[in-house]
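First up is the structure itself, then whatever we jot down about it.
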Amino acid sequence: MKKYENKLVEEIHQCADAISQYDVEIHLKESPKRAGKGYLEPSEQALMRENYWADNEESGGNPFEQNLPPDIMIPMMRDAMGFPNLNLNTMELITKYETIQANNHSVGLWQYYLRRGKQEAKSCLIYIHGGGWLGGTVYAVENPCKLITELADAVVFNVDYDLAPEVKFPDNLEECYAVVKHVYDHAEEYGIDKTRITVAGDSAGGNLCAAMCLMDRDQGNHYIAQSILLYPAVTFGKNAAPGYEWTMDAFEIAPEQEALIQSCLLLGKPTDLEGDLVPETYLKQLSDASNPYASPMMAENFEGVAKTVIMTAEYDGLRLQGEFYGSQLAKAGVDTTIYRYCGCTHAFIDRLGYQPQTEEACMLIAELL
């Protein structure tokens, strides 16, 4: 049973407030339960205190800030990723699993569709999970994918791509794009409309989707009709396009929640590449950090990129680069819409059934399909 009232989801869904930033409009998804600007959304705050903050206080700090060797740190990070979420489906789904060959690798591909859905060719979503390129699983996003399947009566694919350090950039990216090509080439047997393929992903998955859209444009294939990027990471280290700046002053924080919120903002804060576990794990060489397929923000131009929707979380250190990336796309003439989930933190798509914003995001994605 979900941990909030249904009316909260509808109220968030109907919110029409917007602001202008980077010369583009950002639509605000506000929670009616929030104490006011500068505060965490109440369910977000409760989850943090119950699951993360208390553990860190008891252990004397965040273990991920300690200088531990990769062979210890990577398993710790993998174990800590994801959040227990709930199945909110009310209709019967069919689940299938297959493996395809992509870039000389075997890639797992989960498929969900309604048993009694419409018969005409459906829209399609190809979902790329997050996890910093070195962690995360298809199971963390399985319930959101299944809910989107039901709400949109779409065919949804959940991609089990290879992770770093076992497989590094650009091989992981090429695996994901090979899945897109495979789905496009086999659209008829999957029962989908090949002109309505959407890619979506969260965090590192959002990075891979943004890069796939650049690749799709560059190769002239145009398999992808639309991308949905949830709090995407679009640059590494201190790489920054003109006009982009990361500053703590961009985050409005209530003094009594300062310590709690600031702990959420380290992700995305510019750091030196050397000594940073994630780029050192994901990239074959650190010079790849300036490659637009690794850091989409660094692309020379964005003309011809597929329609894009970006969803950010207010108290996520990646929010600034995600919203700036949206402005880059929009200024290049790309059909772009940006939503900011107020009072939320990174990885909120994992919390289906516990946080109303997660269910609302699934509703919005279903409408976009």
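Position 1 is the first residue of the sequence, and the numbers go up from there.
Transitive grouping of hydrophobic side chains (ILVMFWY, heavy atoms separated by less than 4.5 Å) brings Val9 and Leu86 into a common cluster. Taken together through direct or relayed side-chain contacts under 4.5 Å among Ile, Leu, Val, Met, Phe, Trp and Tyr, Met81 and Phe348 form parts of separate hydrophobic clusters. Linking Ile, Leu, Val, Met, Phe, Trp and Tyr residues whenever their side-chain heavy atoms come within less than 4.5 Å leaves Leu368 and Ile338 in two separate clusters. Under a hydrophobic clustering in which Ile, Leu, Val, Met, Phe, Trp and Tyr are joined whenever their side-chain heavy atoms come within less than 4.5 Å, directly or via other members, Ile74 and Leu163 fall into the same cluster. Both Leu208 and Ile224 are assigned to one and the same hydrophobic cluster, defined by single-linkage of ILVMFWY side chains at heavy-atom distances under 4.5 Å.
Taking all atoms of both residues into account, the shortest heavy-atom contact from Asp350 to Gly82 is OD2-CA, 3.6 Å.
Gln257 has its side chain out of reach of Gln262: every pair of non-hydrogen atoms, C-beta onward, lies at least 4.5 Å apart. Contact check for Glu359 versus Leu147: side-chain heavy atoms found under the 4.5 Å cut-off. Annotation: side chain of Cys342 is in contact with side chain of Arg34 (closest heavy-atom distance under 4.5 Å). Between Val199 and Cys213 the shortest side-chain heavy-atom distance falls below 4.5 Å. Inter-residue side-chain proximity for Lys238 and Leu273 is flagged as unmet; no heavy-atom pair is nearer than 4.5 Å. For the pair Tyr97/Leu109, no side-chain contact is recorded, criterion being any heavy-atom separation below 4.5 Å from C-beta on. Using a 4.5 Å heavy-atom cutoff, the side chains of Asp162 and Asp171 are not in contact. Asp216 is not listed as a side-chain neighbour of Val180, based on a closest heavy-atom distance of 4.5 Å or more.
Just one residue in the list Glu44, Arg319, Glu314 forms a side chain to side chain contact (heavy atoms under 4.5 Å, CB included) with Thr345, and that residue is Glu44. Just one residue in the list Lys96, Gln111, His182, Lys122 forms a side-chain hydrogen bond (donor to acceptor under 3.5 Å, both in side chains) with Tyr190, and that residue is His182. Among Lys29, Gln355, Gln14, the single residue meeting the side-chain hydrogen bond (donor to acceptor under 3.5 Å, both in side chains) criterion with Glu360 is Lys29.
No side-chain donor-acceptor contact under 3.5 Å links Asp316 and Tyr341. A donor atom on one side chain and an acceptor atom on the other are not found under 3.5 Å apart for Thr308 and Thr336. For the residue pair Glu245 / Thr247, no side-chain donor-acceptor distance below 3.5 Å is found, with atom types taken as modelled. If you check the side chains of Asn85 and Asn143, you find a donor sitting under 3.5 Å from an acceptor. Between the side chains of His13 and Glu367, at least one donor N or O sits under 3.5 Å from an acceptor N or O. Using modelled atom types and a 3.5 Å distance limit, the side chains of Asp218 and Tyr293 yield a donor-acceptor pair. Checked by atom type, the side-chain pair Glu25/Ser20 shows no donor-acceptor distance below 3.5 Å. Defined by atom type and a distance below 3.5 Å, a donor-acceptor pair is missing between the side-chain atoms of Asn301 and Glu303. Inspection of the Gln226 and Arg196 side chains reveals no N or O donor paired with an N or O acceptor under 3.5 Å.
No side-chain donor-acceptor contact under 3.5 Å links Ser295 to the backbone of Met298. Judged by distance alone, with hydrogens and angles left aside, the side-chain atoms of Glu41 form a donor-acceptor pair with the main-chain N or O of Ser43 at under 3.5 Å. Here the side chain of Asn87 pairs a donor or acceptor atom with the backbone of Asn89 at under 3.5 angstrom. Between the side chain of Asp335 and the backbone N or O of Ala306, no donor-acceptor pair lies under 3.5 Å. Put simply, the side chain of Asp202 never gets that close to the backbone of Ile349: no donor and acceptor are under 3.5 Å apart.
At most 12 heavy atoms of other shown residues, nucleotides or ligands fall within 6.0 angstrom of atom CD in Gln119. Within a 6.0 Å sphere centred on CD of Gln285, other residues, nucleotides and ligands contribute more than 12 heavy atoms. Annotation for Asp71: atom CG counts as buried by contact number, over 12 foreign heavy atoms lying within 6.0 Å.
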Can His129 and Tyr139 be said to form a ring-ring contact (aromatic ring centres under 6.0 Å, His included), step by step?
CA-CA 9 Å; His129 70 77; Tyr139 306 109; 9.4 Å; no
Can you list the steps and then say if Leu229 with Met311 is a side-chain contact (heavy atoms from CB on, under 4.5 Å)?
CA-CA 6 Å; Leu229 315 179; Met311 301 179 179; over 6 Å; no
Please determine whether side-chain hydrogen bond (donor to acceptor under 3.5 Å, both in side chains) holds for the pair Ser290 and Asn239, giving the CA-CA distance in whole Å, both sets of side-chain angles, and the decisive distance to 0.1 Å.
CA-CA 7 Å; Ser290 59; Asn239 284 327; 5.4 Å; no
In sequence, state the C-alpha distance, the side-chain angles, and the governing distance for Cys124 and Lys194, and then conclude on side-chain contact (heavy atoms from CB on, under 4.5 Å).
CA-CA 8 Å; Cys124 165; Lys194 67 165 54 179; over 6 Å; no
Would you check, one step at a time, whether the test side-chain contact (heavy atoms from CB on, under 4.5 Å) holds for Phe83 with Tyr354?
CA-CA 10 Å; Phe83 186 87; Tyr354 290 84; 3.8 Å; yes
Could you give me the CA-CA distance, side-chain angles and deciding distance for Glu256 and Tyr39, then say whether side-chain hydrogen bond (donor to acceptor under 3.5 Å, both in side chains) is met?
CA-CA 9 Å; Glu256 58 267 41; Tyr39 291 85; 2.4 Å; yes
Please assess Tyr177 against Asn221 for the test side-chain hydrogen bond (donor to acceptor under 3.5 Å, both in side chains), listing each intermediate value before the final yes or no.
CA-CA 11 Å; Tyr177 190 61; Asn221 294 322; 3.0 Å; yes
Please walk me through it: do Ser203 and His346 pass side-chain hydrogen bond (donor to acceptor under 3.5 Å, both in side chains)?
CA-CA 8 Å; Ser203 193; His346 190 73; 3.1 Å; yes
Between Lys7 and Glu10, is the side-chain contact (heavy atoms from CB on, under 4.5 Å) condition met? List the steps.
CA-CA 5 Å; Lys7 68 176 184 179; Glu10 284 297 333; 5.5 Å; no
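Between Lys284 and Asp288, no side-chain nitrogen of the basic residue sits less than 4.0 Å from a carboxylate oxygen of the acidic one, so the salt-bridge criterion is not met. A salt bridge links Arg78 with Glu166; the closest basic N to acidic carboxylate O contact falls under 4.0 Å.
A centroid separation of 6.0 Å or more is found between the aromatic rings of Tyr315 and Phe251. Ring-centre distance between Phe236 and Trp133: below the 6.0 Å cut-off. Aromatic ring centres of Tyr325 and Tyr244 lie farther apart than the 6.0 Å criterion allows.
Atom CG of Leu364 sits about 10.0 Å away from atom NE2 of His27, to the nearest 0.5 Å.
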